[in-house]
Number of protein chains: 2
Amino acid sequence: MNQDRPTKKTTIYDLAELAGTSASAVSAVLNGNWKKRRISSQLAEKITRLAEEQGYAINMQASLLRREKSKIIGMIVPKYDNRYFGSIVETFETMARERGLFPIITCTRRDPELEVEAARTMLSYQVEWLVSTGATDPDRISDICGAAGVGSLNLDLPGTKAPSVISDNFTGARELTRRILVNSERKLGAARPLLFIGGRGSDHNTAERVRGFRAAHADIGIPVDERHILTCGYAPEKAEMSLQALAMAEREVPSGMFVNSTISLEGVMRWIKRSGHYVDHSPVMGCFDWDPFAALLGDEIEMVRQDVQGMLNAVFEVIDHGARGASLIEIPPVFVDSNYALINDPMV
Amino acid sequence: MNQDRPTKKTTIYDLAELAGTSASAVSAVLNGNWKKRRISSQLAEKITRLAEEQGYAINMQASLLRREKSKIIGMIVPKYDNRYFGSIVETFETMARERGLFPIITCTRRDPELEVEAARTMLSYQVEWLVSTGATDPDRISDICGAAGVGSLNLDLPGTKAPSVISDNFTGARELTRRILVNSERKLGAARPLLFIGGRGSDHNTAERVRGFRAAHADIGIPVDERHILTCGYAPEKAEMSLQALAMAEREVPSGMFVNSTISLEGVMRWIKRSGHYVDHSPVMGCFDWDPFAALLGDEIEMVRQDVQGMLNAVFEVIDHGARGASLIEIPPVFVDSNYALINDPMV
DNA sequence: TTGAAAGCGCTAACAG
DNA sequence: CTGTTAGCGCTTTCAA
């Protein structure tokens with residue numbers, strides 16, 4: 001507040017001088033360790049008041065240098081452009097703070113180089129744990145952390161060198177597919193094979209979801225058309241182009257779709273709108289992820305919401321109790337009734 | 001990599017010993033200051049190689065403690081649940097890194113207490129600048145920073161004690177309103193007064209947008225119905241309830257709306273869908289913010305996209321050149337053709 | 001009850 | 001060309 005020379009920050013030495021005591025006393029008081037060092041409550045109060053008056057803020061760099069633990073926890077996240085990652089970040093921050101940890105988060109924009117650079121930077125800041133969310137090469141990051149004796153954890157996409165917390169993609173996709181097929185049957189009279197679109201065939205989650213997709217078709221005994229499994233990447237344009245190419249190649253347009261992410265769904269919806277193929281009969285749809293506006297699109301679109309709270313509970317379970325194997329923890333996703341989807345959004 | 005005792009981290013002393021040289025030489029080499037200290041390139045290379053081998057990571061706490069500048073820049077942000085803030089955070093991170101700054105971001109969930117706590121924590125970490133995004137009480141934060149001699153800046157919502165970078169809400173709202181009115185005329189035969197919904201009447205942005213809304217009506221000489229200015233807050237439920245209450249009170253339902261944010265738009269769209277008032281004739285709409293799925297909703301909905309890149313250019317202009325007055329910088333928002341809205345999304 | 005002092009890992013004079 | 005040294009602000013014995 002009443003700081004006259006804003007250039008230099010108040011230190012515990014300044015406070016000690018003002019209070020006519022020593023820096024160690026100030027430190028003890030300000031850290032609440034003063035019951036142990038039976039400091040007179042009078043002195044304690046004086047110090048506290050002075051600190052307040054001077055707008056004192058501890059220098060964490062100095063404090064952490066001296067301490068053994070940094071209480072800093074890092075997370076890298078690919079993007080901030082959808083509800084899923086947004087919710088992960090927000091929940092992570094909250095849970096970290098609840099534990100007295102200081103979260104630092106950085107967005108690596110799906111760039112492998114940035115990922116490792118970010119990991120190194122976080123190590124420089126002495127993070128005690130690093131959570132890699134949706135990382136392209138999680139094992140690389142685990143190696144870097146491992147070399148520095150820092151724990152790492154994978155979220156959303158699994159790795160083999162650290163505990164991984166992911167959605168139960170297989171079961172979720174199987175159930176989502178089942179629901180779309182049921183809607184297809186209700187709407188079209190008979191269940192017809194669906195199209196799968198979005199994601200990279202090489203990534204674990206997409207592979208598992210394709211497996212669930214196949215299983216659900218097998219469950220009711222209808223065949224999957226291999227040309228209708230379009231793991232074309234995540235970007236909206238990729239999805240749009242794939243569908244366009246498919247429509248050009250075939251005379252019929254898909255009557256139902258399993259869309260692998262909201263980001264792919266953007267491209268799918270755009271194509272549906274622009275192509276003009278569906279003016280009277282919109283396709284039966286499902287999306288492995290959730291978005292409030294997408295929920296309002298078209299007649300009805302089944303959506304799975306990944307259980308972010310559940311996943312982060314598992315993450316902090318590991319952190320709190322320090323397990324370090326390369327276990328794979330799969331969290332069942334949640335199916336939302338589209339009418340209640342918005343109401344139940346924990347982020348609103 | 002080949003670190004046998006993962007407990008203790010490698011320091012420059014370890015490296016110095018391994019290289020048979022001193023810590024200061026190591027420090028100089030690792031910081032690239034070795035042209036000044038004409039160190040033999042042979043030694044430099046040896047040190048670099050050793051650092052690599054040992055997986056050495058500088059201890060920032062120690063480095064920053066010694067340095068005068070921390071190169072850390074903080075941002076507080078209310079939520080991660082919409083494209084606007086997501087884009088702000090992502091752009092901010094990128095631009096900070098381009099300048100060699102380390103961004104730390106924290107989400108305060110529109111909680112005034114958390115805001116000041118976060119600001120204090122950031123000061124402890126020696127941030128050089130703090131950007132308050134959409135803060136409920138930006139001046140409070142400026143005071144706290146000012147007392148510590150740290151620069152602060154307001155983004156999205158203005159304050160009076162630090163430079164503020166915001167959208168040109170008045171002009172943007174006036175143009176958005178004009179466009180909705182034009183659509184209204186085209187669709188309904190005549191321009192009819194619109195309803196304004198969302199936001200807090202007390203916040204600067206909402207007040208300015210309401211002013212622009214009125215101005216656009218005045219421009220074409222049609223009166224605004226005061227009961228149709230519903231600054232009911234941002235939450236979707238608030239918007240939904242307000243509309244519901246209005247519909248109960250009046251026999252007619254609004255034919256056109258200006259929605260103040262995507263978050264309010266969620267509630268509006270839900271009400272439109274649930275209330276059943278608009279089965280054959282959807283209302284003419286506009287939203288002061290942008291979302292890719294919202295862009296695909298209904299017939300057409302005019303959207304303004306706030307110019308995040310432009311706003312952050314202005315933010316870093318201040319930071320790079322160190323202006324500190326309480327200037328107000330207003331950035332014109334951008335009108336997106338709904339057909340190209342997705343293609344132009346810088347975040348995709 | 002309290003203060004003095006050492007030292008966390010690093011940087012930047014300064015002295016060779 | 002290179003090493004020695006003095007701190008940065010804080011925590012934590014240890015001694016008084």
Side-chain angles (χ1 to χ4, degrees), chain A residues 7-47 51 54-72 121 123-128 148-149, chain B residues 7-47 51 54-72 102 123-128 148-149:
Chain A
T7 40
K8 214 69 192 87
K9 290 183 180 163
T10 311
T11 72
I12 51 172
Y13 290 99
D14 302 331
L15 257 26
E17 189 162 355
L18 287 170
T21 181
S22 71
S24 44
V26 174
S27 171
V29 169
L30 264 24
N31 290 305
N33 303 352
W34 61 291
K35 65 287 306 273
K36 182 167 183 207
R37 303 187 42 146
R38 298 155 299 177
I39 288 171
S40 70
S41 56
Q42 194 186 357
L43 212 212
E45 197 185 340
K46 187 175 183 185
I47 290 173
Q54 301 296 315
Y56 171 79
I58 192 177
N59 182 325
M60 272 301 173
Q61 260 66 35
S63 175
L64 296 186
L65 179 57
R66 191 60 229 282
R67 271 163 144 61
E68 70 299 359
K69 325 214 71 188
S70 73
K71 300 272 187 185
I72 299 180
T121 306
L123 289 182
S124 290
Y125 280 90
Q126 312 298 110
V127 293
E128 291 178 20
Chain B
T7 39
K8 212 69 191 87
K9 291 184 181 163
T10 312
T11 72
I12 52 171
Y13 291 100
D14 302 330
L15 257 26
E17 189 163 356
L18 287 170
T21 181
S22 71
S24 47
V26 175
S27 171
V29 169
L30 264 27
N31 289 306
N33 304 353
W34 62 292
K35 66 285 309 272
K36 177 156 190 220
R37 303 189 40 143
R38 299 158 300 177
I39 288 170
S40 70
S41 56
Q42 193 186 0
L43 212 210
E45 198 185 339
K46 186 174 182 185
I47 289 174
Q54 301 296 315
Y56 170 79
I58 192 176
N59 181 325
M60 275 299 174
Q61 266 69 38
S63 176
L64 296 186
L65 179 58
R66 191 66 222 306
R67 273 164 141 61
E68 69 299 359
K69 324 214 71 187
S70 73
K71 299 273 189 184
I72 299 179
F102 184 73
L123 289 182
S124 290
Y125 280 90
Q126 312 299 108
V127 292
E128 291 178 21

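Below, read A as the first sequence line, B as the second, and so on, with proteins coming before strands; counting in each chain starts at 1.
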Would you list the atom pairs, donor with acceptor, under 3.5 Å between side chains in residues 24-31 of chain A and any protein atom, with sequence neighbours excluded?
residue: A:S24; atom: OG; partner: A:S22; partner atom: OG; Å: 3.1
residue: A:S27; atom: OG; partner: A:N31; partner atom: ND2; Å: 3.3
residue: A:N31; atom: ND2; partner: A:S27; partner atom: O; Å: 2.7

DNA chain D: B:L43 or A:E68, which has the more 5' nearest nucleotide?
-> B:L43
Which of the following nucleotides, C:dG3, C:dA12, C:dG9, is nearest to the side chain of B:L65?
-> C:dG9
D:dG7 phosphate, OP1 or OP2, under 4.0 Å from A:Y13 side-chain N/O | no
Tell me which nucleotide among D:dG9, D:dG3, C:dG9 gets nearest to the side chain of A:T11.
-> D:dG9
To the nearest Å, how far apart are B:Y125 OH and D:dC10 C1'?
-> 14 Å
Pairwise side-chain contact, B:I72 with B:L64, heavy-atom cut-off 4.5 Å (strictly under) = yes
Just call it for B:I58: base, sugar-phosphate, or nothing, with non-hydrogen atoms closer than 4.0 Å on any strand.
-> sugar-phosphate
Are OP1 or OP2 of C:dA12 and a side-chain N or O of B:S27 less than 4.0 angstrom apart?
-> no
With respect to the side chain of B:N59, which nucleotide from C:dG9, D:dC10, D:dT2 is positioned closest?
-> C:dG9
Could you state the NZ-P distance from B:K71 to D:dC8, rounded to the nearest angstrom?
-> 22 Å
Between P of D:dC10 and CE of A:M60, the distance in whole Å = 10 Å
Integer-rounded Å distance: C:dC10 C1' and A:Q61 CD | 13 Å
Atom CD1 of B:I12 and atom C1' of D:dT5: how far apart are they, to the nearest Å?
-> 13 Å
When rounded to whole Å, the CG to P distance for the pair A:L30 and D:dT12 reads 14 Å
Partners of B:L65 by side-chain contact (heavy atoms from CB on, under 4.5 Å), sequence neighbours excluded?
-> A:N59, A:A62, A:L65
Main-chain N/O of B:M60 paired to A:Q126 side chain as donor or acceptor, under 3.5 Å | no
D:dG9 P sits how many Å from B:R67 CZ, rounded?
-> 15 Å
Ignoring backbone atoms, establish whether A:Y56 has a side-chain N or O less than 4.0 Å from OP1 or OP2 of D:dC10.
-> yes
Given C:dG3, D:dT2, D:dT4, which nucleotide is nearest the side-chain atoms of B:S24?
-> D:dT4
B:D14 CG to C:dC10 C1': how many Å, rounded?
-> 13 Å
Spell out, as yes or no, whether a donor-acceptor pair under 3.5 Å connects the side chain of A:S124 to the backbone of B:I58.
-> yes
Side-chain atoms of B:S22 come closest, of D:dT4, D:dG9, C:dC10, to D:dT4
